Amino acid sequence: MSSKNDAKGKAANTRTVRFNIKRCDGPGQPSRWERFDVPVQSSSAGSGSANVISCLQWIAANPVTIEGRKTTPVSFDCGCLEEVCGACTMVINGQVRQSCSCLMDSCAPNDGDEVTLEPMSKFPVNRDLFVDRSRLFNDLERIRGWVPIDGTYDLGAGPRETPEQQQQRYKLSECMSCGCCLEACPQYTLEPDEKEWDHAFVGAAVISQTRYFNMHATGKELAKQRLDVMSGPGGVSDCGNAQNCVKVCPKEIPLTESIGSVGRQTTIHKIREFFMGR
Amino acid sequence: MGSNELRVIVVGGGLAGLAATVRIAEAGLPVDLFSLVPVKRSHSVCAQGGINACNEVARQQGYSEYEHFDETIYGGDFLQHQPPVYEMAHMAPKIIDLLDRMGVPFNRTAEGMRDLRLFGGSLYKRTHFAGATTGQQLMYALDEQTRRYRSEGKVTAYEFWEFLWPVIDVDGKCRGIVAQDLRTMQIRSFRADAVVIATGGCGLVFGQSTNSVMCTGGAASRCYQAGVKYANAEFIQVHPTAIPGADKLRLMSESARGEGGRVWVPAVKKDGKWAPHPDSGRDPRKLDEATERWYFLEEKYPAYGNIVPRDIATREIFSVCMAGFGVGGGNMVYLDLTHRSREFLETRLGGIIEIYRKFVGEDPAELPMKIFPGVHYSMGGLWTQYAPKGDLKGMVKGDPRNMMTNVEGLYAFGEVNYQYHGANRLGANALLSCIFDGLFCGEGVAGYVREMGADPASQASASMYDEVVRREESRIKSLLSSKGGENPYQIAKELGAEMTAASTVVKSGARLEKALAKLEELRGRHERMSLADTGSWANQNLNWARVVGDMLALADPILRGGLMREESRGSHYREDFTERNDERFLKTSVAEFDATTGRSRITHEDVEIGLVKPRVRNYGKVGSKSKTKKNEPATASA
Ligand SMILES: Cc1cc2nc3c(=O)[nH]c(=O)nc-3n(C[C@H](O)[C@H](O)[C@H](O)COP(=O)(O)OP(=O)(O)OC[C@H]3O[C@@H](n4cnc5c(N)ncnc54)[C@H](O)[C@@H]3O)c2cc1C
Ligand code: SF4
Ligand code: SF4
Ligand code: FES
């Protein structure tokens with residue numbers, strides 16, 4: 001509540017950052033580029049660093065391109081503004097990441113620096129930088145991403161667990177379905193047709209969530225069904241081990257470990273199924 | 001949909017909405033769940049510190065559900081109705097057990113038990129946590145249970161849909177809602193036999209806050225404009241410790257203080273009294289512990305120290321800054337965790353330490369954090385009723401009245417209602433109240449709907465729904481065609497600045513009057529906007545412009561309620577009436593919307609205080625006249 005960041009004229013501690021933004025009016029529409037000059041206050045002025053979202057908010061209030069042409073505000077997705085909801089993922093200067101935690105101080109420290117914003121390419125665009133990630137949530141449903149409890153009545157505590165187990169599960173549970181790992185993955189491709197989702201590659205996030213639910217004493221109950229999905233089309237064997245995913249995960253989730261673990265679980269599952277004669 | 005099938009609508013997929021959805025679906029009723037964002041991204045994910053409940057360790061040290069109840073009432077400065085709080089405190093341990101069964105990775109002790117931490121307003125460790133992202137972890141567990149019902153077809157989710165208006169029939173019963181698809185911009189009605197509003201807080205009315213960008217209070221405001229009463233609007237919690245930012249004030253959870261964080265300012269002693277440090281911007285590590293650091297909370301409140309409740313910490317921080325003690329002369333104080341080991345910080349506070357590192361670029365293990373208060377939580381909200389037990393010890397289970405608003409069939413759960421927290425919410429009680437509403441009061445919703453069996457919404461006349469749809473469509477048409485030149489972003493910015501200046505830490509009658517005049521001006525300008533985007537696909541500009549009008553409507557009871565309340569209580573501090581005045585104001589403020597003027601009418605209503613008598617609330621401050629605290633510290637050190 002202390003900060004005043006009226007970025008009107010160009011005051012002494014203000015610099016200009018140029019945004020190149022890939023825009024699209026809606027699904028199936030052609031895309032185009034527009035450029036905006038945004039005044040950014042230096043954080044030493046006491047207001048904390050500007051970030052991509054605060055700049056997009058500035059553009060929404062002043063939607064005029066560098067050519068002086070009035071345009072529509074840029075559509076984008078955001079929520080928490082502190083990198084915990086996963087909404088604001090986009091491709092910034094070629095790198096997929098959260099836009100709320102992309103600080104101007106580090107990505108455009110000097111007057112005249114440029115920042116390029118594009119929507120993720122692996123999901124259908126709703127409009128501009130705002131994409132549709134329903135497929136990711138659909139995949140969480142496919143793997144039965146829940147612990148099958150007996151209902152919400154009072155039945156006592158859950159299973160005990162060691163601090164080590166808790167720390168391991170906690171790490172996996174931090175996945176905020178942001179989609180960075182999917183954008184970076186060469187095996188995960190754009191699939192706008194919902195009917196294809198049940199065969200398409202699930203990607204690292206969902207593989208890791210499979211591991212997460214299979215680790216829990218009650219969650220395990222559904223392990224067989226989850227591994228059926230993981231051994232089917234679009235499952236873990238579609239992963240080519242490029243390991244791009246783990247490098248871009250903002251929550252530093254050990255995705256390579258998860259892929260390895262689910263791969264092993266799937267192998268054992270298949271052997272078992274074979275001998276059970278299915 | 002079978003023609004006589006009964007249905008429930010839940011608007012909001014935060015903790016309150018999801019807990020309600022799961023409970024109602026479990027009771028066998030189909031649920032339509034609406035949310036501005038995929039429910040997994042709801043604001044509740046921001047909650048960091050934890051969730052309170054009595055537990056076995058605390059119990060053996062003398063704590064109990066009753067103590068939890070009493071603390072909450074004391075923390076809330078006696079303004080809340082006591083039976084619902086009593087019920088909530090007693091159900092809390094069971095709620096933790098349930099979340100545990102759902103798989104929430106609560107931190108563990110060496111023996112595998114759930115670990116606990118200290119939180120503001122209590123001398124016992126009774127806060128359960130999962131790292132410093134407790135809200136996220138609880139949200140995911142409930143999201144997962146909801147997903148299970150979605151996969152079984154018992155819950156239908158409408159994500160990226162905005163609730164616009166409740167449909168209320170001629171008898172005053174709520175029979176559904178009108179909502180808009182945020183992509184296609186289609187507006188349509190949905191029938192339901194009961195509607196639960198669980199849309200969270202209204203931080204954005206203050207411009208910058210610790211809230212997510214969806215927390216405009218828009219949905220609550222629309223219900224209020226449709227005739228639902230709005231209570232205790234003036235009680236807005238300003239959290240003592242947030243990081244100032246360009247777009248948002250990022251919270252530094254109270255758990256930082258619960259885990260031993262110390263608040264101080266650079267200072268020097270002059271004639272035995274602390275005075276501002278002449279070089280207060282100097283490297284804090286070089287300031288002498290004993291002679292150059294003023295630990296003002298520890299000094300003033302020896303029993304609670306840094307874990308005094310939020311309203312008190314906020315006012316103390318604000319006043320030392322006003323007195324010139326702020327770091328570097330600015331509006332900032334230190335929150336210091338450098339005496340804790342890096343490993344301790346990582347395992348217990350990882351999430352927030354990371355936020356500070358990312359957004360400030362400094363390491364809290366090395367340097368004390370710089371923080372200042374920020375708008376955080378709305379204790380006030382939609383007015384709701386409840387069914388008290390005969391002896392007032394709790395609410396009648398399954399009673400349809402629990403958390404029903406004055407509009408029959410329209411419920412309010414979670415931060416959006418005004419119950420449980422009175423004049424000041426204790427840390428880690430919100431997650432509890434949200435989930436409690438969903439689970440406990442959700443049962444009442446199911447009961448109510450079953451009673452409606454003879455007169456289901458599916459049989460109601462279509463014209464009632466069409467009329468609301470048409471009204472919303474014409475509202476949008478007029479927004480799109482208006483050419484007055486005003487910019488909705490500018491209006492919202494001015495509203496935020498005015499509300500923050502007039503109605504947060506320190507208020508006065510004169511300043512509130514001035515703000516009401518400003519509000520009048522802004523309302524006028526809102527009628528004269530020009531939108532930069534008049535398109536009909538995913539038009540965020542339009543939705544923002546509309547909700548700014550709803551924020552203006554809600555700002556009125558916040559200011560007017562504060563103006564009428566000529567006393568100081570909890571978060572509401574009037575410099576022209578600095579004392580609590582139980583005789584006149586141990587009362588709920590109730591606002592009703594006046595459609596002709598756009599203003600609120602405020603009346604006052606009695607509070608149910610049949611279980612604990614109001615007592616002086618000063619948390620054992622040094623030099624205050626009466627001692628009030630009964631329990632001495634049992635486990636105060638982390
Ligand atoms: C930074 C931060 C940290 C916190 N930490 C803690 C803590 O440690 N412990 C604690 O107890 N409390 C904490 N709180 C408070 C607590 O997080 C909130 O009070 C609580 O999460 C609110 O939950 P809710 O379900 O009521 O609403 P929310 O989680 O805000 O959810 C609101 C839902 O309503 C939907 N919605 C809103 N408007 C509309 C509309 N018009 N149409 C359709 N859908 C709509 C949204 O999409 C969302 O799904 C914290 C709060 C903040 C800001
Ligand atoms: S390791 Fe697998 S999931 Fe990760 S990027 Fe490579 S192919 Fe994709
Ligand atoms: S695994 Fe990481 S990158 Fe992938 S969705 Fe989850 S948080 Fe995002
Ligand atoms: S807005 Fe939530 S992660 Fe960026």
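What you see is a predicted model, and the numbers here were worked out from it, not measured in a lab. Naming convention: chains lettered A, B, ... in sequence-line order (proteins, then strands); numbering from 1 in each chain.
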**Student:** What part of A/T71 is in contact with chain B, defined as an atom under 4.5 angstrom from a non-hydrogen atom: side chain, backbone, both or neither?
**Tutor:**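 The backbone, not the side chain.
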**Student:** Would you call the rings of B/F106 and B/H128 parallel, tilted or perpendicular, where under 30° means parallel and over 60° means perpendicular?
**Tutor:**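 If you compare the ring of B/F106 with that of B/H128, the planes turn out perpendicular.
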**Student:** Heavy-atom distances under 4.5 Å only: say whether B/A110 touches chain A with side chain, backbone, both or neither.
**Tutor:**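 For B/A110, backbone heavy atoms alone lie under 4.5 Å from chain A.
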**Student:** So what's closer than 4.5 Å to chain B heavy atoms on A/L81: side chain, backbone, both or neither?
**Tutor:**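 For A/L81, the contact with chain B is made by backbone and side chain together.
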**Student:** Chain B: which of A/L140, A/T218, A/T162 shares the most heavy-atom pairs with it under 4.5 Å?
**Tutor:**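 Most heavy-atom pairs within the cutoff with chain B belong to A/L140.
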**Student:** For B/Q490 and B/E494, which I'm curious about, is there any donor-acceptor pair between the side chains at under 3.5 Å?
**Tutor:**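 Result is yes, a qualifying pair exists.
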**Student:** So, A/R226 and A/T210: side-chain donor and acceptor under 3.5 Å apart, yes or no?
**Tutor:**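 The answer is no; no qualifying pair exists.
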**Student:** Looking only at side chains, do A/S177 and B/K40 share a donor and an acceptor under 3.5 Å apart?
**Tutor:**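 Yes, B/K40 and A/S177 have a side-chain donor paired with an acceptor closer than 3.5 Å.
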**Student:** Would you please indicate yes or no on a ring centroid separation below 6.0 angstrom for B/Y140 and A/Y212?
**Tutor:**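 No, they do not, as the ring centres are separated by 6.0 Å or more.
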**Student:** Please determine whether a side-chain nitrogen of the Lys or Arg among B/D97 and B/K94 lies less than 4.0 Å from a carboxylate oxygen of the Asp or Glu.
**Tutor:**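 No, B/D97 and B/K94 are not salt-bridged.
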**Student:** Below 4.0 angstrom, N of the basic side chain to O of the carboxylate: do A/D77 and B/R183 qualify?
**Tutor:**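 Looking at B/R183 together with A/D77, the answer is no, because their closest N to O distance does not fall below 4.0 Å.
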**Student:** Give a yes or no on whether a salt bridge exists between A/D105 and A/R15, defined as a side-chain N under 4.0 angstrom from a carboxylate O.
**Tutor:**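 Salt bridge flag = yes for A/R15 with A/D105.
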**Student:** B/E346 versus chain A, heavy atoms under 4.5 Å apart: side chain, backbone, both or neither?
**Tutor:**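 For B/E346, neither part sits under 4.5 Å from chain A.
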**Student:** Examine whether an atom of B/T109 lies under 4.5 Å from a heavy atom of chain A, and if so say whether it belongs to the side chain, the backbone or both; otherwise answer neither.
**Tutor:**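 Contact with chain A involves the backbone of B/T109 alone.
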**Student:** Heavy-atom pairs under 4.5 Å with chain A: which of B/R150, B/E159, B/M214, B/Q136 has the most?
**Tutor:**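 Ranked by heavy-atom pairs under 4.5 Å with chain A, first place is B/Q136.
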**Student:** Pick from A/G156, A/G26, A/A217: which one has the most heavy-atom pairs with chain B under 4.5 Å?
**Tutor:**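 Option with the top pair count is A/G156.
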**Student:** Which of the residues A/G86, A/P63, A/P159 is involved in the greatest number of heavy-atom pairs with chain B at under 4.5 angstrom?
**Tutor:**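 When all of A/G86, A/P63, A/P159 are compared, A/G86 has the most.
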**Student:** Using non-hydrogen atoms only, which part of B/E111 is less than 4.5 Å away from chain A: side chain, backbone, both, or neither?
**Tutor:**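 Both the backbone and the side chain of B/E111 come within 4.5 Å of chain A.
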**Student:** Please rank A/Q57, A/Q165, A/E174 by heavy-atom pairs under 4.5 Å with chain B and give me the top one.
**Tutor:**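 The option with the most such pairs is A/E174.
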**Student:** With a 4.0 Å cut-off on N to O distance, would you call A/E83 and B/R357 a salt bridge?
**Tutor:**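 Looking at B/R357 together with A/E83, the answer is no, because their closest N to O distance does not fall below 4.0 Å.
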**Student:** Heavy-atom distances under 4.5 Å only: say whether A/F130 touches chain B with side chain, backbone, both or neither.
**Tutor:**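 The side chain, not the backbone.
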**Student:** For residues B/R114 and B/N55, is any side-chain donor paired with an opposing acceptor at under 3.5 Å?
**Tutor:**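 On atom types as modelled, these side chains do not qualify, holding no pair under 3.5 Å.
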**Student:** Just by distance, no angles: are the side chains of B/Q208 and B/T500 close enough, under 3.5 Å, to form a donor-acceptor pair?
**Tutor:**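 Absent: no donor and acceptor within the cut-off.
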**Student:** Side chain, backbone, both or neither: which part of B/L251 has an atom under 4.5 Å from a heavy atom of chain A?
**Tutor:**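 The answer is the backbone of B/L251.
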**Student:** So which residues of residues 143-152 of chain A are in contact with chain B at a heavy-atom cut-off of under 4.5 Å?
**Tutor:**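 So the qualifying residues are A/G145, A/W146, A/V147, A/P148, A/I149, A/D150, A/G151, A/T152.
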**Student:** Thinking salt bridges, do A/D228 and A/K224 make one under a 4.0 Å N-O criterion?
**Tutor:**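 No, A/D228 and A/K224 are not salt-bridged.
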**Student:** Salt bridge between B/D115 and B/R348, side-chain N to carboxylate O under 4.0 Å?
**Tutor:**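 The answer is yes: the pair qualifies as a salt bridge.
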**Student:** B/E443 versus chain A, heavy atoms under 4.5 Å apart: side chain, backbone, both or neither?
**Tutor:**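 Contact with chain A involves the side chain of B/E443 alone.
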**Student:** Among A/Q167, A/E141, A/M104, which has the most heavy-atom pairs under 4.5 Å with chain B?
**Tutor:**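 It is A/E141.
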